[in-house]
Protein chains: 4
Amino acid sequence: MGAVKTKRMPRAVREQQMLDAAVETFGRRGYMAASMDEIAELAGVSKPLVYLYLNSKEDLFTACIRREAEALVGAVRAGVDTGLPADRQLWDGLLAFFAHTGRHPHAWSVLHIQARTHGETFAAEAAAMRAEIVAFVTQLIVVAAREAHRDPDLPEREVAGLAEALVGAAESLAAWANTAESVTPRQAAATLMNFAWAGLGNLMTGHPWSPPEP
Amino acid sequence: MGAVKTKRMPRAVREQQMLDAAVETFGRRGYMAASMDEIAELAGVSKPLVYLYLNSKEDLFTACIRREAEALVGAVRAGVDTGLPADRQLWDGLLAFFAHTGRHPHAWSVLHIQARTHGETFAAEAAAMRAEIVAFVTQLIVVAAREAHRDPDLPEREVAGLAEALVGAAESLAAWANTAESVTPRQAAATLMNFAWAGLGNLMTGHPWSPPEP
Amino acid sequence: MGAVKTKRMPRAVREQQMLDAAVETFGRRGYMAASMDEIAELAGVSKPLVYLYLNSKEDLFTACIRREAEALVGAVRAGVDTGLPADRQLWDGLLAFFAHTGRHPHAWSVLHIQARTHGETFAAEAAAMRAEIVAFVTQLIVVAAREAHRDPDLPEREVAGLAEALVGAAESLAAWANTAESVTPRQAAATLMNFAWAGLGNLMTGHPWSPPEP
Amino acid sequence: MGAVKTKRMPRAVREQQMLDAAVETFGRRGYMAASMDEIAELAGVSKPLVYLYLNSKEDLFTACIRREAEALVGAVRAGVDTGLPADRQLWDGLLAFFAHTGRHPHAWSVLHIQARTHGETFAAEAAAMRAEIVAFVTQLIVVAAREAHRDPDLPEREVAGLAEALVGAAESLAAWANTAESVTPRQAAATLMNFAWAGLGNLMTGHPWSPPEP
DNA sequence: GATGAATGAGCGTTCATTCAT
DNA sequence: CATGAATGAACGCTCATTCAT
């Protein structure tokens with residue numbers, strides 16, 4: 001198992017191998033249960049080399065978070081054409097999101113679960129990425145409301161809660177799609193669009209659901 | 001902090017004190033970082049007693065998950081009157097859910113985060129509870145569709161995905177509400193109902209959002 | 001080798017065994033080269049027990065320094081009768097000093113060498129003990145000068161340097177006596193008294209040696 | 001700090017740079033805590049080169065001890081004119097000794113502390129140098145006794161102990177002078193001459209201090 | 001001649017777990 | 001019933017040392 005034991009590779013290559021192994025191990029076992037020994041072995045190198053290049057378990061984990069956060073945001077960005085209408089942008093973004101998280105389940109576990117449960121430093125690193133995505137969704141909601149000629153704009157806190165719920169639902173569906181094997185990114189994205197967009201549509205035409213009196 | 005150090009309590013009581021301490025510690029530190037020493041001290045008993053009653057760290061953690069899962073499901077069930085319309089049931093259930101998770105953040109952390117990241121055994125335990133909630137929501141969606149005279153029924157997989165997304169959004173909002181301090185359970189529930197129910201409403205009247213051709 | 005492996009001893013006893021083993025190991029190998037493994041084995045216990053009782057290598061070393069410093073100062077104090085003349089007090093003190101350092105060479109190594117070369121914290125601990133001894137000698141010199149009717153008192157810095165030299169010579173002779181096996185404490189003390197006291201005597205009668213012009 | 005990184009220097013020069021760096025590092029950190037990495041970096045060369053030229057950490061340390069021992073003995077020898085009277089020779093030797101150790105504190109630490117606390121091999125290396133100095137002092141004492149017409153000669157063991165004490169006092173004062181910043185080599189040497197020579201003077205004129213009966 | 005790449009071995013420390021009382 | 005005493009196993013990390021180029 002693990003990478004083929006090739007000797008004398010340039011530093012940059014070895015570093016990527018180590019990050020690959022670390023992401024897999026952190027994702028599979030969790031931050032604390034992952035041992036540097038296992039990561040080194042999976043990377044096909046000795047432990048001291050991991051320390052020489054990545055400094056410490058914390059630094060290694062941070063490097064994983066950063067690399068995978070950039071990869072995920074990059075994948076979503078690459079999937080979206082900002083010239084298209086808001087609903088199409090959301091659809092494309094979701095598709096890219098589910099495709100990427102489906103292809104890199106360990107990376108998604110690192111970002112979604114591990115990073116958020118082992119110290120503020122890591123959480124902040126992952127939160128920065130999530131904030132980018134929430135901001136993207138928030139802006140889509142505002143634009144969509146205008147496209148639907150809703151006037152005046154939705155209150156800010158309302159929009160924040162909606163974006164939070166939408167992203168939360170997406171994150172949850174990503175886990176679901178990773179588990180239930182026959183769910184494709186398309187299906188996951190379609191489910192979420194139906195769930196969310198139509199609801200937002202009703203909101204925008206002024207027919208929100210009203211809670212009963214307490 | 002910690003139980004008052006009283007001697008000679010009946011076993012059942014002592015066990016609950018230990019579980020209280022364990023839930024708080026597991027929730028605060030995470031499964032791996034929580035030490036049996038800390039739990040025993042917080043419970044006000046000696047470490048061997050913890051082992052005598054709860055066997056091992058794994059068993060102790062399992063007991064925590066079971067107890068808190070039952071408590072959460074019980075709280076939601078107690079908040080819902082199955083004689084009322086589906087939307088009212090969902091509203092009441094969400095209210096109870098957000099209230100309970102808000103009052104017991106460590107327990108929620110154990111169920112939502114810790115249980116799902118430290119081995120299949122624990123994850124299955126928590127998944128059983130989640131399945132109950134998803135089943136409840138699934139059935140509400142089916143009932144609501146019928147109440148709205150939608151015909152024919154939504155495809156099963158569609159409903160499953162929708163329930164999954166709704167529960168996922170709720171879980172995400174629970175964390176959000178626990179963090180952003182000024183969010184009350186009512187506000188969280190209202191946001192989610194607006195987001196979800198109105199969307200479902202559109203779906204049910206036959207106006208789903210259509211994905212573009214690939 | 002090492003202590004007989006006796007099980008279940010009271011904590012206080014085990015702690016002393018550990019300190020015994022630690023002093024011997026630190027003295028023999030030096031602070032850095034001494035391994036906690038070796039200390040634990042020599043003490044006849046497992047390594048975790050050493051940590052449970054003594055906390056860390058640094059704390060263990062500090063405990064060694066403190067115990068042995070007190071033992072040495074106590075031995076010198078017990079050997080001296082402050083009612084006797086100054087030269088007799090010095091003689092008795094030296095005798096006690098050489099006897100104690102001769103009987104506990106590892107302890108002497110810890111105090112004289114190891115403590116002073118591995119960080120300010122340890123050095124300060126040992127310096128406090130040395131300061132007690134230097135103060136004792138300083139006061140003896142002053143008293144002796146008065147007993148010899150020297151008038152006026154020797155300048156303070158002069159006395160400080162003399163006490164420093166005397167103590168330094170004693171420390172050096174302790175090592176010498178530990179190495180050259182046939183040297184008894186009496187012989188070492190006599191050599192030093194001849195060397196020092198007679199020199200001080202000359203000083204006090206006003207015949208110091210004069211350095212040549214530069 | 002460290003040598004300027006110049007390429008293609010003759011081996012002898014490179015070696016001296018390495019030894020300079022090693023002496024400083026060993027003196028500053030101690031033998032065990034000094035790392036070959038730090039030494040190589042301070043010397044401005046790569047680690048394998050250090051091994052190529054100096055073989056191992058032990059050999060490197062031995063080379064340091066040898067070089068600095070020779071330098072110290074050389075400095076003392078150069079300061080003394082063997083044609084002068086014994087007291088003048090001692091004075092000049094002490095002056096040279098304190099001046100050299102003051103100018104090279106790391107070297108002095110290597111010889112006086114590090115070499116004596118990390119294995120018999122190193123200790124023997126430093127002991128050889130110390131023996132030279134003790135021999136020099138021993139002979140001075142014998143000569144001085146004759147110059148003072150003392151008859152018969154002092155017993156050999158007596159002289160050995162006196163020389164040992166004198167050298168020990170000097171070593172101790174060297175450390176003291178390195179620490180207390182305002183002490184010049186002249187002051188240190190004067191203190192020691194007053195302390196020792198006058199005492200020896202009394203001894204030689206037949207007025208030694210007598211220990212009390214046991 | 002000189003170095004970037006790599007490692008075996010070991011250290012300080014911690015933790016879940018178990019006896020003996 | 002309850003606990004003070006004790007440990008096997010593992011973990012994060014570092015270091016002296018050596019290849020392959």
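Here is how names work: the chains are called A, B, and so on, in the same order as the sequence lines, proteins then strands, and each is numbered from 1.
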Inset, instruction - Look at the side chain of C:Ser46 and decide which nucleotide, out of F:dT3, E:dT7, F:dT7, has an atom nearest to it. - result: F:dT7

Inset, instruction - Would you indicate which nucleotide in E:dA6, F:dA2, F:dA5 comes nearest to any side-chain atom of A:Leu49? - result: E:dA6

Inset, instruction - Could you summarise the pairing of DNA chain E as dot-bracket text, marking Watson-Crick and G-U pairs under 3.5 Å with ( ) or [ ] inside the strand and | across strands? - result: .||||||||||||||||||||

I'd like to know if [X] pairs up with [Y] as an ion pair, taking the criterion as any Lys NZ or Arg NE/NH1/NH2 lying under 4.0 Å from an Asp or Glu carboxylate oxygen.
| X | Y | answer |
| --- | --- | --- |
| A:Glu38 | A:Arg29 | yes |
| A:Glu15 | A:Arg11 | yes |
| A:Asp20 | A:Arg67 | yes |

Inset, instruction - Kindly indicate, with the supporting measurements, whether the criterion side-chain contact (heavy atoms from CB on, under 4.5 Å) is fulfilled by D:Thr25 and D:Leu42. - result: CA-CA 8 Å; D:Thr25 307; D:Leu42 186 60; 3.6 Å; yes

Nearest-Å distance, [atom1] ([X]) to [atom2] ([N])?
| X | N | atom1 | atom2 | answer |
| --- | --- | --- | --- | --- |
| A:Glu38 | F:dA10 | CD | P | 13 Å |
| D:Leu54 | F:dT17 | CG | C1' | 14 Å |
| B:Tyr53 | F:dT3 | OH | C1' | 13 Å |
| D:Leu60 | F:dC15 | CG | C1' | 15 Å |
| A:Leu52 | E:dG8 | CG | P | 15 Å |
| D:Glu41 | E:dG4 | CD | C1' | 15 Å |
| A:Tyr31 | F:dC11 | OH | P | 14 Å |
| C:Glu15 | F:dA5 | CD | P | 10 Å |

Detail all sub-3.5 Å separations between protein N/O atoms and N/O atoms belonging to nucleotides 13-15 of chain E.
unit_1 : atom_1 : unit_2  : atom_2 : d
E:dT13 : OP2    : C:Tyr51 : OH     : 2.7
E:dT13 : OP2    : C:Lys57 : N      : 2.8
E:dT13 : O4     : C:Lys47 : NZ     : 2.7

Inset, instruction - Going by the side-chain contact (heavy atoms from CB on, under 4.5 Å) test, name the single residue among B:Asp59, B:Leu54, B:Leu19, B:Ile39 that passes it with B:Cys64. - result: B:Leu19

Inset, instruction - For the pair C:Lys57 (side chain) and C:Ala34 (backbone), establish whether a donor and an acceptor sit closer than 3.5 Å, ignoring hydrogens and angles. - result: yes

Legend entry - C:His118 side chain reached by C:Phe26 side chain, heavy atoms, under 4.5 Å: no

Report all side-chain donor-acceptor pairs from residues 104-115 of chain D shorter than 3.5 Å, counting only partners two or more places apart or in another chain.
unit_1   : atom_1 : unit_2   : atom_2 : d
D:Ser109 : OG     : D:Gly27  : O      : 3.4
D:His112 : ND1    : D:Arg116 : NH1    : 3.3
D:Gln114 : OE1    : D:Tyr31  : N      : 3.0

Legend entry - Below 4.0 Å: OP1/OP2 of E:dA6 and any side-chain N or O of A:Arg14: yes

Inset, instruction - Please round to the nearest 0.5 Å and tell me the distance separating atom CZ of C:Arg66 and atom CZ of C:Phe122. - result: 10.5 Å

